[in-house]
Enquirer: 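Below is a structure I'd like to ask you about.
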Amino acid sequence: MGALAVLITLLALPAFAADLPQWPKAKGEACIAANDVMRREHPDMLKHQRDDTLRLGIRGAKASLKACVECHAATSADGHAVPVDAPGQFCQSCHSYVAVKPDCFECHATTPKATVREASR
Amino acid sequence: MINRRHMILASGAMLVAAPATARQAGQPASAAQRWGLLIDTSKCGVECTVCVEACKAEMGLSGHDRPRTDAQYVRKVNVRDPATGAAHSVPVMCQHCAKPPCVDVCPTGASMKRADGIVLVDRHICIGCRYCMMACPYKARSFAHEDQSGQQPHLPRGKGTVEGCTLCVHRIDEGKPPACVEACAARARGAMLFGDLNDPKSEIAQKVAREATTRIRADLGLEPGVRYQGI
């Protein structure tokens with residue numbers, strides 16, 4: 001029985017590792033905090049920031065959702081920004097792995113602002 | 001985080017002679033300011049929809065060809081005095097009341113007034129009950145009935161929540177005037193003046209102190225931040 005359990009664990013481990021989420025590289029040198037902090041704390045950071053920004057009007061603080069998207073949305077081969085919530089993309093790949101489904105992107109833009117629009121202003 | 005792009009954007013904004021300077025990153029909005037609009041309807045053409053179109057483009061509002069329910073943050077209301085025949089075409093948006101009834105009736109605290117007088121919907125806690133839409137005498141708010149796509153990064157919007165004019169809070173915070181004001185000055189007759197009503201040196205404060213201005217339904221005592229001339 002014990003041996004069977006070990007065998008199952010051994011068989012399961014490589015499969016587990018192979019299924020780890022993968023995502024395209026982010027833009028920029030580094031994230032707003034260390035990777036391990038980001039992995040653990042980003043939901044709290046974002047929820048704190050959204051109240052600060054929307055209700056108090058504090059802009060330019062570090063955990064902005066707009067900024068996450070600016071750095072973490074990949075660019076496709078033909079130069080288009082890929083939505084961060086598309087399958088295999090940064091936010092989505094990890095969230096589907098850990099089975100959370102934040103509703104942020106029902107409202108929030110999933111790609112950075114198109115450069116053309118920015119320039120025409 | 002201020003990156004190089006933001007810096008360039010911000011410095012560009014200064015050059016366009018903004019009525020205000022961008023608030024420092026990390027600073028909250030303050031009650032020292034009271035943002036307002038002064039609209040001179042004698043400069044508003046009946047056919048002119050420059051402000052309406054500019055708003056839709058800025059906010060990424062796409063409709064479903066259903067004028068009664070499509071999101072609209074500013075609309076043109078054409079009125080005529082039957083006694084004199086005098087006609088006016090009045091742009092009406094959220095009037096950013098000092099005593100907003102939409103905030104009074106909201107059961108969750110989503111309808112809110114920022115310290116600098118801008119009335120907003122905190123869509124994170126909006127449950128879509130639409131009491132605020134009923135309470136607003138200016139018919140200024142809309143409801144998103146459908147799933148949305150193609151949102152602007154500065155204006156998230158989605159199904160099941162109420163929305164309305166934010167006075168372009170995202171631009172004001174960068175030191176820029178609202179999109180309608182900028183477009184009216186550039187492509188129409190410059191009927192709209194934006195600024196800080198609390199700052200005695202601002203053009204808008206001096207003008208409202210000097211000239212006769214009105215508020216729509218002033219009798220309700222809501223003390224809107226939007227004032228009109230010519231009606």
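Protein chains get the first letters and strands the later ones, always in sequence-line order, with residue 1 at the start of each.
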Enquirer: Sort B:Asp122 into side chain, backbone, both or neither according to what part of it lies under 4.5 angstrom from a heavy atom of chain A.
Expert: both
Enquirer: Give, as side chain, backbone, both or neither, the part of A:Thr111 having an atom under 4.5 angstrom from any heavy atom of chain B.
Expert: backbone
Enquirer: Verify the neighbour count for atom NE2 of A:His95: are there more than 12 heavy atoms of other residues, nucleotides or ligands below 6.0 Å?
Expert: yes
Enquirer: Considering only heavy atoms and a distance below 4.5 Å, find which of B:Arg114, B:Met112, B:Gln148 pairs most often with chain A.
Expert: B:Met112
Enquirer: Quick check on the structure: residues of residues 51-59 of chain A within a heavy-atom distance below 4.5 Å of chain B, by number.
Expert: A:Asp51, A:Leu54, A:Arg55, A:Leu56, A:Gly57, A:Ile58, A:Arg59
Enquirer: Spell out the residues in residues 101-109 of chain A that have some non-hydrogen atom less than 4.5 Å away from a non-hydrogen atom of chain B, in order of number; otherwise answer 'none'.
Expert: A:Glu106, A:Cys107, A:His108, A:Ala109
Enquirer: If you count every heavy atom of other residues, nucleotides or ligands that lies below 6.0 Å from A:Asp78 atom CG, does the total exceed 12?
Expert: yes
Enquirer: If you count the non-hydrogen atoms of other residues, nucleotides and ligands that lie under 6.0 Å from CD in B:Glu203, is the total more than 12?
Expert: no
Enquirer: Flag yes if more than 12 heavy atoms outside B:Phe143 fall under 6.0 Å of its CZ atom; otherwise flag no.
Expert: yes
Enquirer: Using non-hydrogen atoms and a 4.5 Å limit, figure out which bit of B:Ile118 sits close to chain A: side chain, backbone, both or neither.
Expert: neither
Enquirer: Please indicate whether A:His48 has more than 12 foreign heavy atoms, meaning atoms of other residues, nucleotides or ligands, lying under 6.0 Å from its NE2.
Expert: no
Enquirer: Is atom NZ of A:Lys27 surrounded by more than 12 heavy atoms (other residues, nucleotides or ligands) closer than 6.0 Å?
Expert: yes
Enquirer: For a side-chain contact (heavy atoms from CB on, under 4.5 Å) check, start with the C-alpha distance between A:Lys113 and B:His154, then their side-chain angles and the critical distance, and finish with the verdict.
Expert: CA-CA 9 Å; A:Lys113 190 172 197 166; B:His154 55 252; 3.4 Å; yes
